[in-house]
Amino acid sequence: MKKRVLSVILAATMVMGLLAGCSSVEEAESSAAEETTETESSSDTSSDSSSSSGEYSYVIGHYGGITGTTATVGTAGYNGIQLAIQYWNDNGGVLGGQIGFEFYDDGGTTEGAVKAVTYLLEEKNVDGLISSQLSGNIQATGDQVEAAQVPEVGTGMNPAWLEQGWTYLFRSVPNNAGGAQPLVDAMLTVGVTDLGAMIYQDDGNTSAWAYVTEVLENTPEITLVAEEQAMVGESDWTGTLTSILNKNPNGVLIFAQGEQASLMIKQLRELGYEGYIFGPETFSLPDIRNVAGDGANGIIFFAPHCIPDSADEANSEAEQEFLELYEAAYGELPASDVAYRAWDATNILLTAVEQAGTADGPTVRDTIANLKIDILAGSADFSAYDNGECLSGQQIYITHEGKNILFSTFCEENDPSLYMQ
Amino acid sequence: MSTFISLLIGGLVLGCTYGMLSLGLSLIYQASGFMNFTQANLLMFGAFVCYQFFGVWGLPFVISLILSVAIMFGVGCLIERLVIRRLVEKHAKNVYVVLSTIAISIIIENLAMLIWNSRQHYFPSIFSGSSSVKIGSVSVGKESLLCIVVALVAMVALHFFLNKTKFGTAMRAAAMNKTAASCMGINVNRTISMTYGIAAALACLGGILIAPKMTAYYQVGNQISMKSFAGAVIGGYGNIYGAIVGALFVGLLETFVGAYISSAYKELIVYGVMIVFMIVKPSGLFNAKVYE
């Protein structure tokens with residue numbers, strides 16, 4: 001009898017796991033990005049990729065976190081790179097051969113990133129690198145990349161890592177310092193006078209917040225009535241958010257990664273706050289609307305890209321083509337705009353290789369430094385900057401009636417103070 | 001006053017969640033003498049199982065909850081039967097048993113990531129309509145209230161189960177003295193197995209109750225586990241009533257420190273208090289037997 005009961009429980013658990021596994025296959029497609037987009041090179045999601053760099057005319061290395069606390073975003077970046085390489089390989093590759101791909105999952109940690117870059121440079125001898133979207137990790141590995149003379153196109157938005165004087169590092173997206181002024185302008189437009197702020201204590205968010213505070217210091221119309229920290233690893237912010245609301249702000253700013261921001265917004269709404277919430281580019285993550293539900297309405301954020309609800313709603317033909325390719329490969333639209341950044345980064349790197357006509361690091365580096373190219377983020381011009389940047393400024397978006405729309409469009413069609421409480 | 005009520009409810013929700021884990025930790029420690037590191041990831045896995053029934057397959061919430069708790073009860077029993085008991089029968093040192101629970105915990109986490117991927121999964125709202133209710137001038141999430149009510153009911157039910165049923169009495173007897181209990185005809189292995197099952201079921205219940213607030217996410221357990229340990233230690237490790245009170249204390253302390261002192265100090269203060277208890281009053285609030 002005892003064995004029978006145990007057998008039934010075991011069988012039920014296994015069936016449950018199998019059924020759940022089957023039903024989540026479609027979802028898993030987006031997170032793993034394996035067979036459907038596999039390049040002819042190695043595309044292992046682990047560090048022990050078995051391909052040899054010698055089989056390819058150019059090998060791109062990528063470090064990022066498809067596990068860990070930023071896995072959603074990391075997976076989107078990983079998918080974007082794979083998709084771009086597949087696209088290039090389908091169109092003949094580069095330098096007369098196919099493009100290889102090497103990946104190391106750094107788990108979103110700095111020590112993981114250092115290991116990853118060491119592995120990619122020393123074990124896999126990659127020709128070029130696409131970084132993680134975590135700026136702190138790019139900065140931690142910048143010296144290694146510079147010493148190896150391997151060009152790297154980064155997708156992190158913190159300005160700091162391009163202010164180090166490195167010459168082999170470039171960015172495929174405008175930095176987030178450009179979002180501060182437009183965001184504060186939006187606060188003024190909707191009528192915010194008392195602002196409460198909660199800042200997630202990671203490198204990207206604290207530095208992005210520093211740019212906003214600089215702008216706020218020169219904006220006497222807005223008073224910062226509360227500033228609180230959200231520590232890494234927390235998942236409940238009831239006390240902190242209550243403390244902020246206790247100061248009666250008529251606008252709340254949250255700077256956090258998308259995974260945490262979605263929960264913070266939900267908890268803030270549950271505490272009864274119905275006014276505007278301001279945030280950085282991480283708020284363009286579609287999961288924000290999924291998790292926060294109706295509570296996402298009234299969120300204003302800056303971002304270089306904002307993923308529409310369908311490919312048909314794309315802002316340009318290039319974006320539509322990218323989204324259609326992405327959806328065909330992974331069964332859904334990107335979970336994060338980091339997929340856009342990664343796609344752009346790969347195209348920048350490979351276009352430079354093609355123009356340079358060689359995989360030689362210094363030559364490709366010099367080519368990128370003078371490159372002008374239309375990417376999803378806009379008309380990029382590296383020659384206009386002397387530090388690896390190619391674009392500046394950010395768009396301001398608002399979530400209204402469940403959709404992310406341009407804030408300027410919202411203001412034309414609605415009273416800007418619609419969500420003021 | 002309204003701020004205080006908001007904080008009180010927020011702290012109770014957190015405390016009840018920690019309490020579900022602390023209870024399991026204390027139950028297992030009392031019954032077997034082992035620390036158990038699987039609880040947090042059983043919480044996470046239980047939340048995912050319920051998400052699968054409720055969020056993906058669309059079963060009614062109550063049915064999903066019952067099925068999930070039942071399955072996780074079975075998983076808890078299986079862990080004891082297939083791993084813990086085998087190690088104990090081979091007279092493995094305690095540290096090996098504890099290490100095996102860490103290994104199982106990592107396996108569960110990876111299994112969840114493989115089945116449901118690494119993304120946050122939106123747990124559908126349990127209640128239709130507005131997500132919050134007004135208590136006076138305070139807005140409180142309906143799911144937060146449900147979390148407190150269900151957790152308290154589960155704790156009271158466990159109290160009656162342990163004290164008013166034959167099986168509960170057998171469990172307590174086996175926990176006190178395994179040899180004597182065995183001589184009295186109590187199936188000690190079965191009671192320990194049941195203890196692991198109950199602990200897993202409690203963790204599952206905790207996971208389900210916080211999932212609407214924190215989503216189903218493969219790392220959600222890690223963020224809660226250390227606080228539940230702190231709760232169990234402060235209450236008195238191994239005392240189930242101490243586990244509840246200690247967990248509620250930690251939840252409230254964390255919330256009020258975040259609100260009235262600074263969010264930057266809440267972790268420091270919570271774990272500082274735990275260290276103080278370990279040094280000054282290691283038996284915790286409920287005088288658990290923690291000395292050799």
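Throughout, a chain's letter reflects where its sequence line sits, starting with A, and its residues are numbered from 1. Keep in mind that this is a model prediction, so the values were computed, not measured.
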Colleague: Quick one: which of Tyr218(B), Tyr260(B), Phe256(B) has the most heavy-atom pairs under 4.5 Å with chain A, could you say?
Modeller: Tyr218(B)
Colleague: What part of Glu228(A) gets closer than 4.5 Å to chain B, counting heavy atoms only: side chain, backbone, both or neither?
Modeller: both
Colleague: Glu254(B), Glu267(B), Met113(B), Lys266(B): which one forms the most heavy-atom pairs within less than 4.5 Å of chain A?
Modeller: Lys266(B)
Colleague: Can you list everything that forms a salt bridge (Lys or Arg N to Asp or Glu O under 4.0 Å) with Asp194(A)? Sequence neighbours excluded, please.
Modeller: none
Colleague: Would you say CG of Asn110(B) has more than 12 non-hydrogen atoms from neighbouring residues, nucleotides or ligands within 6.0 angstrom?
Modeller: yes
Colleague: Can you tell me how far the CG atom of Leu8(B) sits from the OG1 atom of Thr242(A), to the nearest 0.5 Å?
Modeller: 11.0 Å
Colleague: Nearest 0.5 Å, please: how far is CE in Met214(B) from CG in Asp236(A)?
Modeller: 4.5 Å
Colleague: For the atom pair CG (Leu7(B)) and OG1 (Thr240(A)), what is the distance rounded to the nearest 0.5 Å?
Modeller: 9.5 Å
Colleague: Would you tell me whether Gln229(A) and Ser263(B) have side-chain atoms, one donor and one acceptor, within less than 3.5 Å of each other?
Modeller: no
Colleague: With the side chain counted from C-beta on, respond yes when Glu270(A) and Glu143(B) share a heavy-atom pair under 4.5 Å apart, and no when they do not.
Modeller: yes
Colleague: Taking every heavy-atom pair that is under 4.5 Å apart, which of Ser243(A), Ala230(A), Ala335(A) has the most such pairs with chain B?
Modeller: Ser243(A)
Colleague: I need the Thr238(A) OG1 to Ile9(B) CD1 distance, nearest 0.5 Å.
Modeller: 10.5 Å
Colleague: Can you confirm whether Lys266(A) sits close enough to Thr215(B) that some side-chain heavy atom of one is under 4.5 Å from a side-chain heavy atom of the other?
Modeller: no
Colleague: For Ser144(B), is it the side chain, the backbone, both, or neither that has a heavy atom closer than 4.5 Å to a heavy atom of chain A?
Modeller: side chain
